[in-house]
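Scope of the values below: all heavy atoms of this structure, side chains included, with no hydrogens, waters or symmetry mates. Note that the coordinates shown come from a computational prediction; the quantities given were computed from them, not determined experimentally. Letters go in sequence order (proteins before strands), and every chain restarts at 1.
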2 protein chains.
Amino acid sequence: MLSFAEENYLKTIYHLSEGTSNPVSTNAIADTLNTRAASVTDMIKKLSNKGVVTYQKYRGVRVSEEGQKAALQVIRKHRLWEVFLVQKLKFNWDEVHDVAEQLEHIKSPLLIRRLDEFLGYPKYDPHGDPIPDESGEFKAKPQVALSDCKIGHDGVVVAVKDASAAFLQYVDKIGAYIGAKIRVIDRLEFDGSLEILIDNKKTVFISKEVSENIWIEE
Amino acid sequence: MLSFAEENYLKTIYHLSEGTSNPVSTNAIADTLNTRAASVTDMIKKLSNKGVVTYQKYRGVRVSEEGQKAALQVIRKHRLWEVFLVQKLKFNWDEVHDVAEQLEHIKSPLLIRRLDEFLGYPKYDPHGDPIPDESGEFKAKPQVALSDCKIGHDGVVVAVKDASAAFLQYVDKIGAYIGAKIRVIDRLEFDGSLEILIDNKKTVFISKEVSENIWIEE
DNA sequence: TGTGTTTTTTAGGCTTGTCTAAAACACATG
DNA sequence: CATGTGTTTTAGACAAGCCTAAAAAACACA
């Protein structure tokens, strides 16, 4: 059984591993969790003893098979609670993260099974991220960042990667929420910013950074 | 801001204070929480420094005005979550306690306000206990234990005081759940046990102890 | 009212999760 | 391939929350 803190570290290591085959560095974990490298080293030893990560001194850390399972269950709980908060309790999608961060650590398999059922077995959370099932299986929607689209390309927003309240409020304000139709009108080469048309109604300019965090279906 | 452990101690002290004007003893708290007297003394000092209890060495502890407010908010959360678990997630009432024990510590005023709204502002939890409002106000249903009823007295079950799963399953089995109609048929003087008629259908014998934990409307 | 019993507190220790400062290591670069 | 820079680990400390064992206070009752 993992503690709250252990679950948080494991989840973070899992997320930092996504998309690379490289081990995760101590500093990267410390930055993400706002702790210090020394604390991370301590915790990695504990997680390693419990078999959920593999670790070589000075060489970074990888999530083990078993650790992956555990991490996906935490992520499953987090995303199910986010669906609950938005769909049932009418939270704005920028308000859910901190609360889900707490709720994800509640220990009760029955609770999660019943919550899943109550919500109608959702496949995606309010940010468009896939919800793993009880055995850890999930399928991401095929998707591409606006920053990687050619000019003229269009599609429907399926995911928003930055979960900070400030970013989500901005996305909401320009109307680029999940389900919105977006066409890439133009790209400024010198800073990578984009001009986009939203829902065939209005065009806005977004920075390169923003365009890297809004994903449309492929 | 109180920690999980501090909230648990405070809630326990509050419950042990109900119905008496005497201070609560260290041992009583230790017994309830399955900790040792020494741990209780440590914690009482912390709570006292935070101003939520008043304390004299060797003389027991009382919940302060401010502590009462805090305790009632924890109780409010606990009971709202119980309603959610039973009404929305179809938990049996003997399954809710442990989970609610965890959920009651989630910190988010918005969450509780929205949950309350979502549930339709319930006044009582599944065990018949009143749910305090945001300012700590609540009204218990006028009620009396079966053990204090005269022979021939009848009424509807409004509360069940023992929250252990075993007891609740027993109550369920004999059909004496909340809302059931009960008439006291006879009392055996030598052990205080009762013969009762449930929902005008069947009579059962219950021990004195059981009769002290089933309450009907007055 | 003195004395034995029970309750409570103190003293000291352990684990978890955090920190700072210093030492050890890795790695890029000249 | 030596060295300097940045990263990671170790060493040692601290707070929270728990424990056991022993000392102190309260209480019960002869």
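Within the shown strands, dG2(C) is the pairing partner of dC29(D) under the Watson-Crick or G-U definition, both distances less than 3.5 Å. When both distances must be under 3.5 Å, the Watson-Crick or G-U wobble mate of dA15(D) is dT16(C).
A heavy atom lying under 4.0 Å from DNA chain C marks the following residues of residues 47-59 of chain B, by number: Y55(B), K57(B), Y58(B). Near DNA chain C, meaning a heavy atom under 4.0 Å away, the residues from residues 7-33 of chain A are Y9(A).
In this structure, K123(A) fails the cation-pi test against F138(A), since its NZ or CZ atom is not both closer than 6.0 Å to the six-membered ring centre and inside 45 degrees of the ring normal. Geometrically, R62(A) does not engage Y55(A) in a cation-pi contact defined by less than 6.0 Å to the ring centre and at most 45° from the axis. Taking the centre and axis of the six-membered ring of F118(A), the NZ or CZ atom of K88(A) falls inside the cone set by 45° and 6.0 Å.
Other residues, nucleotides and ligands contribute over 12 non-hydrogen atoms within 6.0 Å of the CD atom of E217(A).
When heavy atoms are screened at a 4.0 angstrom cut-off, T35(B) is found touching the sugar-phosphate backbone but no base atom.
For H97(A) and H78(A), the gap between ring centers is short of 6.0 Å. For F84(B) and F84(A), the ring centers sit closer than 6.0 Å to each other.
With a cutoff of under 4.0 Å to any heavy atom of chain A, the contacted region of DNA chain C is bounded 5' to 3' by dT16(C) to dA26(C).
Considering only heavy atoms from C-beta on, L146(B) stays 4.5 Å or farther from W215(B) through its side chain.
Note on K46(B): a side-chain N or O is less than 4.0 Å away from OP1 or OP2 of dG17(D). One finds a side-chain N or O of K45(A) lying less than 4.0 angstrom from the OP1 or OP2 phosphate oxygen of dT10(D).
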